[in-house]
Amino acid sequence: MNWISKIFPFFLWFKDLKNPKVLKADTLAGITVALVIIPQSMAYAQLAGLGPQYGLYASFLPVMIAALMGSSRQLSTGPVAVVSLLTAAALGEIVTDASSYAVYAALLALIVGLFQFLLGILRMGFVTNFVSYPVVSGFTNAAAIIIATSQLPKVFGIRVINSSDTDWVSACQPLTMIERIEQVGREGLHTICNADQNYETIGRLLEAAMFYTHTPTITMAVMGIIGIVFLNRFYPRIPAILTVVVISTAVSFLIDYESMGGAIVSSVNVEGLFSFKTPSFDFNAMGTLFIYAITISLIGFMEAITVAKSMAAKTKQRLDINQELIGQGLSNIGSSFFQGYAVSGSFSRTAVNMTAGAVTGFSSVVTALIVGLTILWLTPLLYHLPQATLAAVILMAVVNLINFAPIKHAWKVEKQDGIVGLLTFIMTLIFAPHLENGIAFGIILSLGLFLYRTTQPKFTELAVQEGSIQFSPFGGEDVESSDVVKLVKFSGSLYFANAAFFETQMLEVIARNKDKLKYIVVDVGALLQIDASGEEVLSELVQSCSDTGIQILFSRTERLEAELFRSGFKKRFGENRFFNRTAQALKYVWKELESEEAEEDKVINIS
């Protein structure tokens, strides 16, 4: 049974469904999450540049596969804001024909799925550790702001066109101020042209919004935001998003919102429940897609695993990171073959799932089944759903992503980490819509900081009082310290990149006390490992110092016993230089100094 549960993790919780209470709790939780994911998935699909039906497809089989093949029992998978934004950024670079968006979105999901699946199979979940928390926090905050600004055109009722649109040339030709004034009042002036940089597009949008805001559209968006906030605040048991979507759709139909110029979802073109399509391969686009696929895989999975860890801590359940990678990977692969796009674990929906009482992954299976029923029978009811309402849904969702507290906390713990998070945030905003550059900048910066720290490890000089085996953690002028005996502590690994740093620090200690210094005790209890370069530096230091009358001893050497024995270091320099405790080393030093003084006194008396 053990090997079967490793291949099919759902066998671990399937037997729990025999309990009627668990079955009831999971069913209610699944229904609750479905009421959130249906409108949310359509909104996120629009954010990704796709039709709402692709959001529904991504919320059907992928949700079920992730629940059955993943390790977490409460994690709710599906379309999420950041992954949708990254999908839009990737497709925006390679797609010239809007009709092929879905094809490339499926191909991107396939690459993401294969990458995650291979990481899980090869037990390489540790690679996610190379993306530091400050980098993720900085990127997520920037992405949330970019997502929010991307919805402003739908809020103001202003159309933003790209170079791939047919009216790009006619609408985006440069105009003089007089020509602009002459065109005020004409139809079609609610169109602005997308710029190379996101901040330029926002500037054009805000300028246009001052004169050309579409009143019915902004009214619908504001009412949607107010409705979601009001229901969440005063009636939390009512599904706020679904309620607002239903009401706004009804209002749109009753007032004929489309005839007023308002943008609506219109027909949701579904092709059955199991619409199997093999992703088309375009090897010319694979390079760009692969870069974004890695970004989506790491960022998406880090969001998912962070949520899963939080849930596992609350439920006391075992979480297997590699198995979760396999589950997320298979989920994305399934999404690619059934007209979906890249998905990930959702923080907000997982919280809803947990709060609703979900016990096992069956709750996500229920969610998927309800989404399937919606695809089959309920999509015609979404025809009059205003685009402004979907924009309101996205705006309210990304508000929770904006959280600068982790960056502030990182600054308090270590300013360098705080700077990395802040710079990642700033550079992601500047690079937008090329988001991969922002996350790449943050990763390179954090890895550079890691390398710097390993080449400059902690080297501490401690104060030892004359004749005492006690030592102070802080050496300074206000603490009496022996000039004859020095105690230093080295923390980290001693390897080729920092061996010279260790040697320099040791020589500085010797230089400061060269007149009286006779012994240096090196506490290596926090020295994790040593390579050939590190051992060579130690050998040279011990030998050169011995030649000048200064003896180097080592305390707390248990961790390095094997390396020092294999290299012949202990045999070459003597067993009497190595001690299990720092106090033993100091006791030995003072005893040796007493013996030396006694010998000197004896020589003086004889002479």
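Not measured: the values here are computed from a predicted model. The chain is numbered in sequence order, starting from 1. No hydrogens, no waters, no symmetry mates; every other heavy atom, side chains included, goes into these values.
Side-chain contact between T249 and V245: present, with at least one pair of heavy atoms (C-beta onward) separated by less than 4.5 Å. Residues L47 and Q151 have side chains in contact (heavy-atom distance under 4.5 Å, counting atoms from C-beta outward). Between I247 and V251, some side-chain heavy-atom pair lies under the 4.5 Å cut-off. At a threshold of 4.5 Å between non-hydrogen side-chain atoms, the residues M42 and V265 do not count as touching. Put simply, the side chain of L435 reaches to within 4.5 Å of the side chain of L85, judged on heavy atoms. No side-chain heavy atom of Q416 sits under 4.5 Å from any side-chain heavy atom of V420. For the pair Y44/V83, no side-chain contact is recorded, criterion being any heavy-atom separation below 4.5 Å from C-beta on. Counting heavy atoms from C-beta on, the side chains of E436 and E93 come closer than 4.5 Å.
The neighbour count for F253 CZ, taken as heavy atoms of other residues, nucleotides or ligands under 6.0 Å away, does not exceed 12. Atom CZ of F347 has 12 or fewer heavy atoms from other residues, nucleotides or ligands within 6.0 Å. The 12-atom threshold is exceeded at NE2 of H434, counting heavy atoms of other residues, nucleotides or ligands nearer than 6.0 Å.
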Determine, stepwise, if the pair Y257 / T217 fulfils side chain to side chain donor-acceptor pair (under 3.5 Å).
CA-CA 9 Å; Y257 176 71; T217 297; 3.3 Å; yes
T278 and F337: side chain to side chain contact (heavy atoms under 4.5 Å, CB included), yes or no, with the steps?
CA-CA 5 Å; T278 304; F337 282 97; 4.1 Å; yes
So F139 and L86, side chain to side chain contact (heavy atoms under 4.5 Å, CB included) or not? Walk me through it.
CA-CA 11 Å; F139 177 81; L86 287 168; 3.8 Å; yes
Could you go step by step and tell me if T128 and I305 meet the side chain to side chain contact (heavy atoms under 4.5 Å, CB included) rule?
CA-CA 10 Å; T128 58; I305 203 64; 5.7 Å; no
D26/V366 under side chain to side chain contact (heavy atoms under 4.5 Å, CB included): CA gap, chis, key distance, verdict:
CA-CA 8 Å; D26 281 346; V366 173; 5.7 Å; no
For F404 and F425, run ring pair (Phe, Tyr, Trp, His ring centres under 6.0 Å): C-alpha distance rounded to whole Å, both residues' side-chain angles, the deciding distance at 0.1 Å, then the answer.
CA-CA 10 Å; F404 290 98; F425 169 76; 5.1 Å; yes
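Summarising the geometry of W377 relative to P380, their closest heavy-atom pair is O-CD, 3.7 Å, with the distance given to 0.1 Å. In terms of heavy atoms, A240 sits closest to I228 at CB-O, 4.0 Å. Among all heavy-atom pairs drawn from G30 and T367, the shortest one is O-OG1, 2.8 Å. Between P239 and T243, the closest heavy-atom pair is O-OG1, 2.7 Å. Contact between A90 and L108 at its shortest, heavy atoms only, is CB-CD2, 4.0 Å. The shortest non-hydrogen separation linking M260 to H214 is O-NE2, 2.8 Å.
Judged by distance alone, with hydrogens and angles left aside, the side-chain atoms of E258 form no donor-acceptor pair with the main-chain N or O of I264 at under 3.5 Å. Looking at S252, its side chain never comes within 3.5 Å of a backbone N or O of S248 through a donor-acceptor pair. Of the possible donor and acceptor atoms, none in the side chain of S137 sits under 3.5 Å from a partner among the backbone N and O of Y133. One N or O on the side chain of S336 and one on the backbone of I333 form a donor-acceptor pair closer than 3.5 Å. Looking at S335, its side chain never comes within 3.5 Å of a backbone N or O of S331 through a donor-acceptor pair.
With 3.5 Å as the limit, one finds no donor-acceptor pair spanning the side chains of T379 and Q53. Side-chain contact of Y54 with S41: a donor-acceptor pair under 3.5 Å is absent, judged by distance alone. Counted by atom type alone, S363 and N353 present one or more donor-acceptor pairs between their side chains at under 3.5 Å. Defined by atom type and a distance below 3.5 Å, a donor-acceptor pair is present between the side-chain atoms of Y341 and S84.
Not counting sequence neighbours, Y104 has no partner by the ring pair (Phe, Tyr, Trp, His ring centres under 6.0 Å) test.
Atom NE2 in H409 sits 10.0 Å away from atom CG in D417 (nearest 0.5 Å). Once rounded to the nearest 0.5 Å, the distance linking CZ of F431 with CZ of F441 reads 7.0 Å. In this structure, OG1 on T428 lies 11.5 Å from CG on N198, to the nearest 0.5 angstrom. Between L75 atom CG and K309 atom NZ the span is 13.0 Å, to the nearest 0.5 Å. In this structure, the separation between OG1 on T77 and CD on Q328 is 4.0 Å, given to the nearest 0.5 Å. For the atom pair OG (S344) and CG (N332), the distance works out to 8.0 Å, reported to the nearest 0.5 Å.
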